Amino acid sequence: MRKIKTVLSLLILLSFAKINSQNFELGKVSLEELKEKLHPKDSSAAAAILFKKGKTNFEYHRDKGFTAITEVSMRIKIYKKEGYNWANFSVPYYVGYENYNDDIVTFSNAVTYNLADGAIVKTKLNNEGSFKKNVNEYWNEATITLPNIKEGSVIEFKYVLKSENIVKFPVFYFQEKIPINAAEYTTNIPYFFTYKPIQIGYIDLKVDSKAVDGSLHYDNQHNQTVNLSFNQLKTKYSIENVPALKEESFVDNIMNYQSSLHHELEKTNFPDEKEKNYSKDWDGVAKTIYADKEFGKELEETSYLLEDLRLVLKGIDSKDERLAVIFKFVQDRMHWNGDNGYYTDKGVKQAYIAKTGNVAEINFILISMLKTAGLDASPVLVSTIEHGKPVFPNRTGFNYVIAAVNLDGKQILLDATHKYTTQNILPFNVLNWKGRLIRQEGITQEVDLVPAKNSGKYYTLMLKLDKSGQIEGRYRSQLTDYDAYSFRDRYAEMDTDNYLEKLENDLNGIKIQGYTIDNKKTNFADPIVQTFTFTSNNHCDIIGDKIYINPMLFFTESHNPFMQEKREMGIYFGYPKLERYNISYEIPEGYTFESVPKPMKIATPDNELSFLINVAVQDNKVQIAITKEINMAIVSADFYEPIKDFYQKMIEKETEKIVLKKI
């Protein structure tokens with residue numbers, strides 16, 4: 001597709017008329033814009049995009065073929081010092097192609113406007129304010145820093161991104177973390193290209209499409225100018241008054257909800273040529289990745305590990321034991337250098353010798369060892385939470401790789417880069433939607449990364465209360481699966497005294513004695529068990545001849561995290577959870593129960609969340625049993641109201657007091 005036959009070039013032309021919009025012109029900053037002190041619809045905004053205008057056209061060059069050219073112009077108002085960072089603007093561009101020249105980014109028309117004695121003062125960007133840097137072997141970044149920024153400044157600029165890779169357009173964002181007054185994006189696509197537009201986010205765009213004429217001239221092989229005409233589809237996407245993308249509680253990656261537009265090339269249909277499809281499925285993408293020498297060839301390399309593997313497996317016959325021993329060996333030997341990716345850097349052999357590598361190198365070593373030991377192991381491509389969910393099949397949709405083992409019909413997922421993971425317990429940022437397992441023969445399959453099984457927190461408290469309101473208690477907790485992993489990841493390396501000081505503060509100032517913990521840095525598949533005794537003087541209220549106690553003591557939730565009127569983003573809980581509390585109170589002599597919370601069960605309509613409390617009184621003791629369940633990792637924003645209502649009722653019940661009165 002990079003070269004078109006001369007005879008076809010006489011039939012094909014790509015050119016786009018300039019779109020003149022009187023509303024979106026650079027260099028036309030007004031006094032009203034400079035005088036504006038606050039954003040009219042969001043007084044809290046530190047800055048706002050007054051307009052953002054983009055367009056994507058094509059050029060044709062006899063030697064390079066087609067190039068997609070995306071131009072974006074922006075004007076931004078700075079209201080507060082917190083908005084100064086918008087004067088630093090970066091554009092990433094791809095440089096990791098094998099068959100194309102690097103993308104190119106250029107900035108122009110970069111100016112800062114300020115008011116001085118009622119007059120508009122312009123400060124243009126100089127050479128020192130524009131630079132480029134290398135991000136990694138695949139990406140560079142072009143950045144400008146606008147000069148003379150003050151509260152009240154207006155800045156504007158334009159950038160052009162040119163790419164010979166026309167399989168997808170740069171993503172155009174219609175929403176940012178500051179308000180956007182107006183935005184529009186126009187594509188001019190010749191009739192022989194078919195693109196699939198994909199919109200992300202919850203904001204509806206106005207779309208206007210129509211067929212128009214296009215024309216273009218270019219130099220042929222004889223240095224003659226060729227003028228050609230063709231039909232094209234012109235589509236304008238626009239919107240006004242877009243609110244800032246606000247942070248919400250319980251969100252995986254806010255960028256998954258940012259209003260944006262993606263374009264994927266589906267097919268080409270040139271005159272006198274057979275129709276060609278470019279819209280790959282994930283199978284096709286995965287096969288292409290496996291064929292790369294830094295992927296498939298590295299997985300086939302095993303000579304460097306054979307001697308160590310023989311020693312590791314000495315006397316071990318069962319597949320279960322082989323899997324466990326190999327995983328532990330790789331996890332202990334290898335140290336992650338912090339780099340993600342599904343391609344190796346220095347290679348598995350060098351990484352193994354150095355005992356340090358990136359994600360691909362460490363997990364490729366694990367996969368190779370498992371396969372050499374006779375286990376059915378394969379790589380699984382993953383996009384981490386911070387990388388986002390892949391919008392459509394493409395190589396850049398993934399940035400991580402883990403291992404999968406099929407053992408007696410059960411699939412076990414493994415990641416040896418982190419020190420406290422174990423079988424089917426992955427790092428939290430890997431629990432992102434779906435992965436793609438690849439087999440050497442080209443077969444692929446989708447893999448669920450989010451666990452279906454609930455992780456558990458189980459608490460038992462035996463409490464004795466005296467007349468002064470002091471509590472003496474025995475505490476036991478048990479954490480399983482992801483809750484155990486979370487504890488190890490946060491606290492396994494922390495000094496015990498420092499941890500206990502933090503725990504005492506977290507539990508509202510109790511005093512801990514006799515602390516023990518099991519399986520903190522060993523037996524990662526087993527629960528973490530903590531026990532201690534404690535005393536507390538600040539968990540009861542004495543008013544007159546009555547004592548008031550929160551039934552859940554220091555576990556009481558008193559604040560509803562879902563307080564906003566409307567929710568736009570899905571509610572992300574990370575993984576399914578189960579919490580159980582068994583709390584027993586012995587009250588002091590001379591007191592009796594005036595009131596205790598009544599048993600209650602609440603749940604959301606489809607049982608995504610549930611809460612159950614049972615209370616039993618016998619003589620001078622009360623037994624409270626509470627169960628909380630979150631049965632999904634993520635819930636649609638459509639269910640926000642039931643979840644908000646659920647939390648409110650649960651908190652009201654948790655804060656309902658046990659009341660004791662003197663006899």
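The structure presented is a predicted model; accordingly, all values stated were derived computationally and were not measured.
The nearest pair of heavy atoms linking A377 to L370 is CB-CB, 3.8 Å. Taking both residues in full, the closest heavy atoms of R322 and D317 are given as NE-O, 3.7 Å, listed atom of the first, atom of the second, then distance. Shown here for L553 and H539, the closest heavy-atom pair between the two residues is CD1-CB, 3.7 Å. The two residues E248 and K566 come nearest to each other via the heavy atoms OE2-O, 4.2 Å. Residues G357 and I362 share a closest heavy-atom pair of O-CD1, 3.6 Å. The shortest heavy-atom contact between D415 and T421 is O-OG1, 2.6 Å.
Classification of D332 and K355 as a salt-bridged pair fails, no side-chain N sitting under 4.0 Å from a carboxylate O. In this structure, D545 does not pair ionically with K661, as no charged nitrogen and carboxylate oxygen lie closer than 4.0 Å. Classification of R567 and E641 as a salt-bridged pair fails, no side-chain N sitting under 4.0 Å from a carboxylate O. Between D42 and K246, at least one side-chain nitrogen of the basic residue sits less than 4.0 Å from a carboxylate oxygen of the acidic one, meeting the salt-bridge criterion. Salt-bridge check for E298 with K349: failed, with every basic side-chain N at 4.0 Å or more from each acidic carboxylate O. Of the charged side-chain nitrogens involved, at least one lies within less than 4.0 Å of a carboxylate oxygen, so that K628 and E557 count as a salt-bridged pair. Salt bridge annotation for R310-E307: present, with a cationic side-chain nitrogen under 4.0 angstrom from a carboxylate oxygen.
Classified by interplanar angle (parallel below 30°, tilted 30° to 60°, perpendicular above 60°), the ring pair Y647/F250 is tilted. Between F428 and Y482, the ring planes lie tilted relative to each other; the angle falls in the 30° to 60° range.
In this structure a side-chain-to-backbone donor-acceptor pair under 3.5 Å is missing from K653 to K601. Panel note: side chain Q331, backbone H418; a donor-acceptor pair is recorded below 3.5 Å. A donor-acceptor pair under 3.5 Å links the side-chain atoms of D466 to the main chain of G469, judged by distance alone. In terms of modelled atom types and a separation under 3.5 Å, the side chain of N406 and the main chain of D376 share no donor-acceptor contact. The backbone N or O of M563 sits nowhere less than 3.5 Å from a side-chain atom of N560 that would complete a donor-acceptor pair. Between the side chain of N550 and the backbone N or O of M552, no donor-acceptor pair lies under 3.5 Å. Not a single donor-acceptor pair under 3.5 Å links the side chain of T344 to the backbone N or O of A360. Although no hydrogens or angles enter the test, the distance criterion places no donor-acceptor pair under 3.5 Å between the side chain of N607 and the main chain of A603. Proximity of a side-chain donor or acceptor of E504 to a complementary backbone N or O of I512 within less than 3.5 Å is detected. One N or O on the side chain of R333 and one on the backbone of Y352 form a donor-acceptor pair closer than 3.5 Å.
In this structure, P576 and N631 have side chains that are not in contact, with every pair of non-hydrogen atoms separated by 4.5 Å or more. Between N432 and V430, the closest side-chain pair of non-hydrogen atoms is not below 4.5 Å. Under the 4.5 Å side-chain criterion, counting only non-hydrogen atoms from C-beta, L426 is not in contact with L414. Proximity of I626 to L612: side-chain heavy atoms (C-beta onward) are nowhere separated by under 4.5 Å. Within the 4.5 Å cutoff, no side-chain heavy atoms of Q564 are placed close to those of K644. Residues I510 and N508 have side chains not in contact (no heavy-atom distance under 4.5 Å, counting atoms from C-beta outward). Using a 4.5 Å heavy-atom threshold, the side chains of I517 and V529 count as separate. The closest side-chain heavy-atom distance from D518 to Q478 is not below 4.5 Å.
Between F573 atom CZ and L609 atom CG the span is 4.5 Å, to the nearest 0.5 Å. Put simply, CD1 on I425 and NZ on K453 are 7.5 Å apart, with the number rounded to the nearest 0.5 Å. Here the straight-line distance linking atom OG1 of T535 with atom NZ of K464 works out to 14.0 Å at 0.5 Å rounding. Taking OG of S318 as the reference point, atom CD of E321 lies at 3.5 Å (rounded to 0.5 Å). With values rounded to the nearest 0.5 angstrom, Y458 atom OH is found 9.0 Å from D483 atom CG. Atom-to-atom distance recorded for T372:OG1 and I367:CD1 is 11.5 Å, nearest 0.5 angstrom.
Remark: the S584 side chain and the N582 side chain contain no N/O donor-acceptor pair separated by less than 3.5 Å. A donor-acceptor contact under 3.5 angstrom links the side chains of T384 and N399, judged on distance only. Side-chain contact annotation: T531 with T516, donor-acceptor N/O pair under 3.5 Å present. A side-chain donor from one of E301 and S303 sits under 3.5 Å from a side-chain acceptor of the other.
Heavy-atom contacts from other residues, nucleotides or ligands closer than 6.0 Å to CD of E501 number 12 or fewer. For K328, the NZ atom sits in a packed shell: over 12 heavy atoms of surrounding residues, nucleotides or ligands are nearer than 6.0 Å. Annotation: K319, atom NZ; neighbour count of heavy atoms from other residues, nucleotides and ligands within 6.0 Å does not exceed 12. Heavy-atom neighbours of K80 NZ from other residues, nucleotides or ligands within 6.0 Å: above the threshold of 12.
Qualifying ring-ring contact (aromatic ring centres under 6.0 Å, His included) partners for F327, counting only residues two or more places apart in sequence or in other chains: none.
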For this session: Tell me, with the steps shown, if V617 and V596 meet side-chain contact (heavy atoms from CB on, under 4.5 Å).
Result: CA-CA 9 Å; V617 176; V596 296; 4.1 Å; yes

For this session: Show your reasoning for whether side-chain contact (heavy atoms from CB on, under 4.5 Å) applies to L660 and K546.
Result: CA-CA 5 Å; L660 309 180; K546 295 182 181 181; over 6 Å; no

For this session: Begin from the C-alpha positions of V380 and N363 and carry the test side-chain contact (heavy atoms from CB on, under 4.5 Å) through to its verdict.
Result: CA-CA 10 Å; V380 177; N363 284 328; over 6 Å; no

Problem set entry | Step-by-step side-chain contact (heavy atoms from CB on, under 4.5 Å) determination, M369 to F329 | CA-CA 10 Å; M369 277 196 160; F329 173 79; 3.4 Å; yes

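For Y499 and F487, the ring centers sit closer than 6.0 Å to each other. Ring centers of F524 and Y420: under 6.0 Å apart, within the cut-off. F295 has its ring centre less than 6.0 Å from the ring centre of F364. With ring centers used as reference points, F555 lies under 6.0 Å from Y581. Taking the six-membered ring for Trp and the full ring otherwise, the centers of F593 and Y585 sit at least 6.0 Å from each other. Annotation: Y475 is in aromatic contact with F532 [ring centroid separation under 6.0 Å].
Checking N429, N340, T417, N358 one by one against Y400, the side-chain hydrogen bond (donor to acceptor under 3.5 Å, both in side chains) holds for a single residue, T417.
For the pair K577 and Y575, the cation sits on the ring face: its NZ or CZ lies under 6.0 Å from the ring centre, inside 45° of the axis.
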